[in-house]
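A short write-up of the structure that comes next.
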Amino acid sequence: MSTTVHNTNIACCSIPPVQSDYSPKGSFKPHAGFSKVYVTGPEDSDTKIQGADIVASALKATVYMPDFFEPSGPYPIEKFPPKTHQDKRDLQDFFGGTASPPAAIKKLTDFGMALRTNGAKNVAAYGFCWGGKVTLSAGASSTPFDAVAIVHPAMLSAADAEKLTVPLGIYISKDEPVDEYKKILDVISKKPFAPKNDSKHYTNMAARFHGWAAARGDLKDTENKKEFEDVYNKVVDFFYNAFGKA
């Protein structure tokens with residue numbers, strides 16, 4: 001039986017997450033068509049970022065992280081990383097179904113539009129892994145976002161970058177295709193917003209793997225934590241400059 005491969009990033013589909021004892025600072029609530037959205041930061045802020053507590057604190061922005069997999073739910077953690085051929089097929093089916101990028105791109109774009117409608121002046125998005133593909137694609141024409149950033153993104157494509165209409169921050173590990181990364185840098189260097197773009201290829205051993213800044217990051221490891229903080233500082237600075245606040 002053949003398997004249709006939707007997510008081509010091998011590391012994304014094989015490296016297990018790291019257990020964390022971190023206590024979230026925000027809360028979950030319904031918002032903009034989603035029944036479950038993690039919200040953190042001052043809700044009266046006119047800056048809206050898809051992301052996490054560290055970004056909300058640094059930018060004094062409201063952060064929203066919708067559950068893009070509702071109502072079906074995420075891929076079962078007990079089956080990840082996939083060990084059998086059936087599990088591998090199921091994971092690819094998940095990326096082709098519940099986590100289908102085209103469907104998620106529309107959800108993300110609609111969410112950004114809702115933030116605009118509700119009065120947000122600065123709206124941006126950033127995504128990790130699978131979310132990198134979604135976020136990059138959401139920065140095309142008619143985007144509600146002022147800027148987009150992607151960290152160790154899966155399914156990198158220069159074709160997606162060709163359609164970008166807003167500044168891009170791109171931060172990759174060794175597990176992303178460097179040739180495609182260089183193609184993207186070349187594409188965005190010719191865009192009218194080129195001076196606002198930012199990028200870094202992380203080659204430090206502590207941050208050379210896909211996921212070091214998200215679910216696979218081990219913040220008890222000093223070097224991993226150092227690179228984790230570095231990429232978040234770069235994301236924050238990127239958005240700050242993209243918003244014209246520098």
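All figures in this text were calculated on a predicted structure; none of them were measured in a lab.
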| task | For F193, check ring pair (Phe, Tyr, Trp, His ring centres under 6.0 Å) against everything at least two apart and list the hits. | result | none
| request: Output yes when D146 and R116 qualify as a salt bridge under the 4.0 Å nitrogen-oxygen rule, no when they do not. | output: yes
| task | Go through H31 and N118 one step at a time and tell me if the side chain to side chain contact (heavy atoms under 4.5 Å, CB included) criterion holds. | result | CA-CA 11 Å; H31 194 87; N118 290 336; 4.3 Å; yes
| query | Do the side chains of L136 and I170 get nearer than 4.5 Å, heavy atoms only? | reply | no
| message | When you compare the side chain of L59 with that of N122, does any pair of heavy atoms fall below 4.5 Å? | response | no
| Lys/Arg N to Asp/Glu carboxylate O, D186 vs K190, below 4.0 Å | yes
| request: Would you verify whether the NZ or CZ of K200 falls within 45 degrees of the ring axis of Y202 while also being under 6.0 Å from that six-membered ring's centre? | output: yes
| query | With distance as the sole test, does S35 use its side chain to make a donor-acceptor pair with the main-chain N or O of P30 at under 3.5 Å? | reply | no
| Atom pair NZ (K107) and CD (E70), whose distance is rounded to the nearest 0.5 Å | 6.5 Å
| query | How are the rings of Y232 and Y126 set relative to one another: parallel (under 30°), tilted (30 to 60°) or perpendicular (over 60°)? | reply | perpendicular
| Looking at side-chain heavy atoms only, is the closest gap between N241 and K196 below 4.5 Å? | no
| said: Does either side chain, that of Q86 or that of D90, offer a donor lying less than 3.5 Å from an acceptor on the other one? | reply: yes
| Between S199 and Y181, is a side chain to side chain contact (heavy atoms under 4.5 Å, CB included) present by the stated rule, with each step listed? | CA-CA 10 Å; S199 63; Y181 168 69; 3.5 Å; yes
| field | Side chain proximity check, R89 to P82, heavy atoms < 4.5 angstrom | value | no
| field | Pairwise side-chain contact, P167 with F238, heavy-atom cut-off 4.5 Å (strictly under) | value | yes
| message | The criterion is side chain to side chain donor-acceptor pair (under 3.5 Å); which residues satisfy it with K163, sequence neighbours excluded? | response | none
| task | Measure from the ring center of Y75 to the ring center of W130 and say whether it is less than 6.0 Å. | result | no
| request: Would you give the length of the straight line joining atom CG of L108 to atom CE of M113, rounded to the nearest 0.5 angstrom? | output: 10.5 Å
| said: With a 4.5 Å cut-off on side-chain heavy atoms, are P153 and E176 touching? | reply: yes
| message | Can you confirm whether T143 sits close enough to V148 that some side-chain heavy atom of one is under 4.5 Å from a side-chain heavy atom of the other? | response | no
| field | Aromatic plane relationship, H152 with F128 - under 30° parallel, 30 to 60° tilted, over 60° perpendicular | value | tilted
| message | Looking at K106 and D110, is there a salt bridge between them, counting it only when a charged N and a carboxylate O are closer than 4.0 Å? | response | yes
| query | Side chains of L164 and V187: does their closest heavy-atom pair fall under 4.5 Å? | reply | no
